[in-house]
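Here the structure comes first, spelled out in structure tokens, and everything after it is commentary.
Lettering of chains follows the sequences in order, A, B, ..., and the numbering in each one begins at 1. The model shown is predicted, which means the values in this text are computed figures rather than measured ones.
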Protein chains: 2
Amino acid sequence: MYASTTLVLMSYHHGNLREALLRRAAQVIAEGGVEAVSLRGLARDLDVSHAAPRRHFADRGALLAALAQEGFRRSLEAMENGAREAGDDPIARYRALGRSYVRFACEDPAYFRAINHPEVSNLADDALGEVKQRWFAALREGAEAAQQAGWHPEADPRALVAFSIAGANGAAALFADERWHDVVGGCDAETLADDVLDLIVHKSRTSAPRSTKKTTSRRKGRSAS
Amino acid sequence: MYASTTLVLMSYHHGNLREALLRRAAQVIAEGGVEAVSLRGLARDLDVSHAAPRRHFADRGALLAALAQEGFRRSLEAMENGAREAGDDPIARYRALGRSYVRFACEDPAYFRAINHPEVSNLADDALGEVKQRWFAALREGAEAAQQAGWHPEADPRALVAFSIAGANGAAALFADERWHDVVGGCDAETLADDVLDLIVHKSRTSAPRSTKKTTSRRKGRSAS
DNA sequence: CTCCCTATGTAGCCATTGACAACATCGAGT
DNA sequence: ACTCGATGTTGTCAATGGCTACATAGGGAG
């Protein structure tokens with residue numbers, strides 16, 4: 001459980017409370033949503049006083065902002081890795097970008113929720129804003145490259161980006177949010193996600209007409225509510 | 001301001017507190033988001049005691065659920081009207097369905113937020129669940145009809161519905177959420193929404209290749225942040 | 001007409017939470 | 001050895017949700 005990085009001095013008060021808070025907060029979000037995160041609750045869980053978190057986060061919003069920032073970083077990393085593995089075709093890369101985002105949302109709902117929670121979106125946090133901009137830039141660049149490679153050449157580039165974000169976020173929410181569990185219930189999330197992504201970024205479909213798809217052997221959880 | 005239905009007896013304690021609470025709550029959401037809604041705050045705004053709302057809503061969640069229910073009703077009504085006006089072509093009707101939803105989200109962000117707030121999504125409210133099911137059914141039926149009319153005939157119907165919901169909700173969020181104001185800032189929301197909808201439900205494009213579009217003379221607000 | 005009963009609103013209470021201030025302690029650098 | 005900054009602790013306050021007991025208005029039964 002304690003795979004911490006730099007030989008934590010557990011002798012002192014706590015060690016690295018900041019990281020512990022973020023970790024625990026992510027757990028809490030995964031279990032009960034962003035609403036379930038309370039500074040005092042985290043403090044209790046970590047056996048520190050109720051005011052200890054304040055030394056690391058000015059208020060609840062700051063903690064959520066840090067969490068969202070981490071979420072953007074992770075998701076961006078996943079998206080870049082996905083695009084890299086997808087090869088050179090810009091359209092395939094862009095599809096992989098989106099697919100990686102959806103996968104990230106499914107595998108780490110906590111960070112996805114942190115990113116997309118309205119309470120977090122309204123925060124004015126410089127560091128968070130900066131990461132968000134980078135995230136958005138990656139998407140925009142991917143969309144532009146894909147368009148130049150022939151993806152919806154006639155469309156307004158801004159609409160393409162909006163469409164992509166809308167689709168990707170919507171698809172991700174479909175699987176990561178409690179909200180849709182009953183709607184998509186009973187489906188294999190991986191296959192469904194692939195199909196939805198195909199509808200967003202028309203795959204070069206050289207292989208099969210959907211159903212002989214077998215890229216989907218990772219996991220099938222999160223389908224039955 | 002008091003266009004109430006059944007001759008309210010203002011002599012008594014308040015009249016129809018329930019409706020007043022819902023109305024005021026919608027205002028508060030529009031101004032400060034769902035988080036800003038507090039039972040006591042509403043009670044203060046309406047000059048009743050802090051426990052009065054409890055006579056009409058068991059708890060905060062019940063009020064939000066009622067609000068979301070109203071939101072689903074309104075949005076469904078808007079969508080059905082939009083589809084009706086769109087004529088007979090199932091694809092055009094489906095596009096109008098989505099377009100109406102996005103327009104609803106832009107014009108009445110309060111209800112859109114109430115519908116989509118994670119805190120509300122997790123509520124177990126029977127009436128709300130029932131309306132949500134009807135909303136979803138309308139979308140599914142529209143998607144099925146559109147598919148039979150030639151929209152993505154090769155796709156998995158479930159993926160089509162998921163794609164539609166994802167796209168519509170994502171697009172709506174793009175315009176109704178604070179979150180994306182900086183991203184879509186500077187664009188004309190109506191045109192952008194039309195373009196995004198075109199990307200979701202490929203319009204029968206008999207008119208022009210995008211830009212001579214002039215269906216968009218309603219309003220242009222909500223583009224500059 | 002009076003009495004009771006239900007719907008609705010009120011007043012008071014308590015636990016939880018976020019936020020703040022004052023104080024305590026560890027440990028590093030002078 | 002002393003000081004000081006970083007980190008935690010205790011105490012406090014206001015706001016909130018939720019609960020219970022109480023009040024009041026008005027309608028219906030006798």
Side-chain angles (χ1 to χ4, degrees), chain A residues 4-25 28-29 31-67 114 117-120 122-125, chain B residues 4-25 28-29 31-67 114 117-120 122-125:
Chain A
S4 74
T5 54
T6 70
L7 178 54
V8 186
L9 307 176
M10 276 301 290
S11 56
Y12 190 31
H13 286 303
H14 180 276
N16 52 354
L17 183 54
R18 190 191 148 92
E19 295 307 312
L21 283 168
L22 289 174
R23 232 178 356 203
R24 177 62 191 148
V28 171
I29 292 180
E31 292 162 9
V34 173
E35 288 79 21
V37 173
S38 90
L39 293 178
R40 289 175 109 103
L42 295 177
R44 270 195 303 273
D45 295 346
L46 298 175
D47 280 312
V48 292
S49 77
H50 67 261
R54 211 176 138 62
R55 292 286 166 214
H56 303 276
F57 302 100
D59 55 15
R60 200 181 102 105
L63 184 143
L64 293 181
L67 221 40
H117 197 279
E119 192 180 343
V120 179
N122 299 339
L123 293 172
D125 185 294
Chain B
S4 73
T5 54
T6 70
L7 179 53
V8 187
L9 310 175
M10 274 303 289
S11 58
Y12 190 31
H13 286 303
H14 180 274
N16 53 352
L17 183 55
R18 190 191 147 93
E19 295 307 312
L21 284 168
L22 289 175
R23 232 180 355 206
R24 177 62 190 149
V28 171
I29 292 179
E31 292 161 9
V34 173
E35 287 78 22
V37 173
S38 89
L39 294 178
R40 290 172 109 103
L42 295 177
R44 268 194 305 273
D45 295 346
L46 298 175
D47 280 312
V48 292
S49 77
H50 67 262
R54 206 176 144 63
R55 290 289 167 214
H56 304 276
F57 301 101
D59 55 15
R60 201 180 101 104
L63 185 143
L64 293 182
L67 222 40
H117 197 279
E119 192 180 344
V120 179
N122 299 339
L123 293 173
D125 184 292

Only residue of B:Asp125, B:Leu67, B:Leu64 satisfying side-chain contact (heavy atoms from CB on, under 4.5 Å) with B:Val120 is B:Leu64

Sequence-aligned protein contact record of nucleotides 16-21 of chain D, with B where the base is within under 4.0 Å of a protein heavy atom and S where only the sugar-phosphate is
BBBBBB

For B:Leu39, the side-chain contact (heavy atoms from CB on, under 4.5 Å) test, sequence neighbours excluded, returns B:Pro53, B:Arg60, B:Leu63

Is there any side-chain hydrogen bond (donor to acceptor under 3.5 Å, both in side chains) pair reaching into residues 35-50 of chain A, and which pairs are they, with sequence neighbours excluded?
A:Arg24-A:Asp45, A:Glu35-A:His117

Name all residues meeting the side-chain contact (heavy atoms from CB on, under 4.5 Å) criterion together with A:Arg55; count only those two or more places apart in sequence or in a different chain, and write none if there are none.
none

Please report, rounded to the nearest Å, how far the C1' atom of D:dG8 is from the CG atom of A:Asn16.
14 Å

In whole Å, I'd like the distance from the CG atom of A:Asp45 to the P atom of C:dT17.
10 Å

In terms of heavy-atom contacts, A:Leu17 and A:Ala52 come closest through CD2-CB, 3.8 Å

Using atom CZ of A:Phe57 as one end and atom P of C:dC20 as the other, report the distance to the nearest whole Å.
16 Å

Can you measure A:Glu119 atom CD to C:dT17 atom C1' for me and round it to whole angstrom units?
13 Å

Can you tell me how far P of D:dT7 sits from CG of A:Leu46, to the nearest Å?
16 Å

When the distance from CG of A:Leu63 to P of C:dA19 is rounded to whole Å, what number comes out?
11 Å

Please give, in whole Å, the distance from C:dT8 C1' to B:His56 NE2?
6 Å

Atom-to-atom span, CG of A:Leu64 to C1' of C:dG18 - whole angstrom
12 Å

Nearest heavy atoms of A:Leu22 and A:Ala66, plus distance in Å
CD2-CB, 4.0 Å

